[in-house]
Amino acid sequence: MDDFWPVADVLAYLAGSWGVERSVRDLASGEEGTFSGRTEFEPLEEGGLLHHESGTFVWQGEARPAERTLRFLPGTTPGRADVRFADGRPFHDLDLTTGRHTADHPCAADLYRGEFSVYDANHWRTVWRVGGPAKDLTLTTDYTRVG
């Protein structure tokens, strides 16, 4: 998958339900885990989308429920979004007008660098590389439109 699919309206593209498959690799220890679940992008009353992800995270052979919530707010153009944590704190910007985007998020002394790739109307991927004194991880997530 080397070709990217430009997205004119990021919120319209993301709206709806997505199946999620994530691999998590700790580069320091070599440990690997997985997350499998679903992400719902639902309209927010004030504009934008509420992103709610839920599923099962398996780490060191132990499965446990996991979830997270983000807010995808309208950006300066329809192809852009302002991504925030559930409590409103900034997370990262998102610009999918070329079908590919890189965003950084400093978290204490660690740096999260996300690469977003859109392959077609029903498939996109994020790869987060997390590095610093506390973490050395790669998280690869594939999204497939459901229904």
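We're numbering straight along the sequence, starting at 1. Values reported hereafter were calculated over all heavy atoms of this structure, with side chains retained and with hydrogens, waters and symmetry mates removed.
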Which distance, rounded to the nearest 0.5 Å, do you find between the [atom1] of [X] and the [atom2] of [Y]?
X: Leu94; Y: Thr126; atom1: CG; atom2: OG1; value: 10.5 Å
X: Asp93; Y: Thr102; atom1: CG; atom2: OG1; value: 10.0 Å
X: Asp120; Y: Asp3; atom1: CG; atom2: CG; value: 11.0 Å
X: Leu139; Y: Phe35; atom1: CG; atom2: CZ; value: 11.5 Å
X: Thr97; Y: Arg80; atom1: OG1; atom2: CZ; value: 6.5 Å

According to a 4.5 Å side-chain heavy-atom criterion applied to Ile, Leu, Val, Met, Phe, Trp and Tyr, with indirect links allowed, do [X] and [Y] form part of one hydrophobic cluster?
X: Leu44; Y: Phe85; result: no
X: Tyr13; Y: Leu73; result: no
X: Leu96; Y: Val20; result: yes
X: Val10; Y: Phe4; result: no

List the residues meeting salt bridge (Lys or Arg N to Asp or Glu O under 4.0 Å) with [X], not counting sequence neighbours, and say none if there are none.
X: Asp136; result: Arg129
X: Glu32; result: Arg25
X: Glu40; result: Arg38

Please lay out, stage by stage, how His123 and Trp18 fare under the test side chain to side chain contact (heavy atoms under 4.5 Å, CB included). CA-CA 9 Å; His123 301 93; Trp18 298 84; 5.9 Å; no

Solution key, residues 110-117 side-chain donor-acceptor pairs under 3.5 Å, sequence neighbours excluded:
| residue | atom | partner | partner atom | Å |
| --- | --- | --- | --- | --- |
| Asp110 | OD1 | Ala134 | N | 3.1 |
| Tyr112 | OH | Lys135 | NZ | 2.7 |
| Arg113 | NE | Asp104 | OD1 | 2.6 |
| Arg113 | NH2 | Asp104 | OD1 | 3.2 |
| Arg113 | NH2 | Asp104 | OD2 | 2.6 |
| Glu115 | OE1 | Arg100 | NH2 | 3.3 |
| Ser117 | OG | Arg100 | NH1 | 2.8 |

Minimum side-chain heavy-atom gap [X]-[Y] below 4.5 Å:
X: Phe57; Y: Val24; result: yes
X: His92; Y: His101; result: no
X: Arg64; Y: Trp59; result: yes
X: Leu137; Y: Trp128; result: no

Which heavy atom of [X] sits nearest a heavy atom of [Y], and at what distance?
X: Ser36; Y: Glu21; answer: OG-OE2, 2.8 Å
X: Pro90; Y: His105; answer: O-CE1, 3.7 Å
X: Leu11; Y: Ala81; answer: CD2-CB, 4.3 Å

Which of parallel (below 30°), tilted (30 to 60°) and perpendicular (above 60°) describes Phe41 and Trp124? tilted

Return the set of residues passing side chain to side chain donor-acceptor pair (under 3.5 Å) with Ser23 (not counting sequence neighbours), or none when no residue passes. none

Return the set of residues passing side-chain contact (heavy atoms from CB on, under 4.5 Å) with Thr69 (not counting sequence neighbours), or none when no residue passes. Leu50, His52, Ala86

Trace of the side chain to side chain contact (heavy atoms under 4.5 Å, CB included) decision for Arg125 with Thr140: CA-CA 7 Å; Arg125 170 181 279 180; Thr140 303; 3.9 Å; yes

Below 6.0 angstrom between ring centroids: does that apply to Phe91 and His51? no

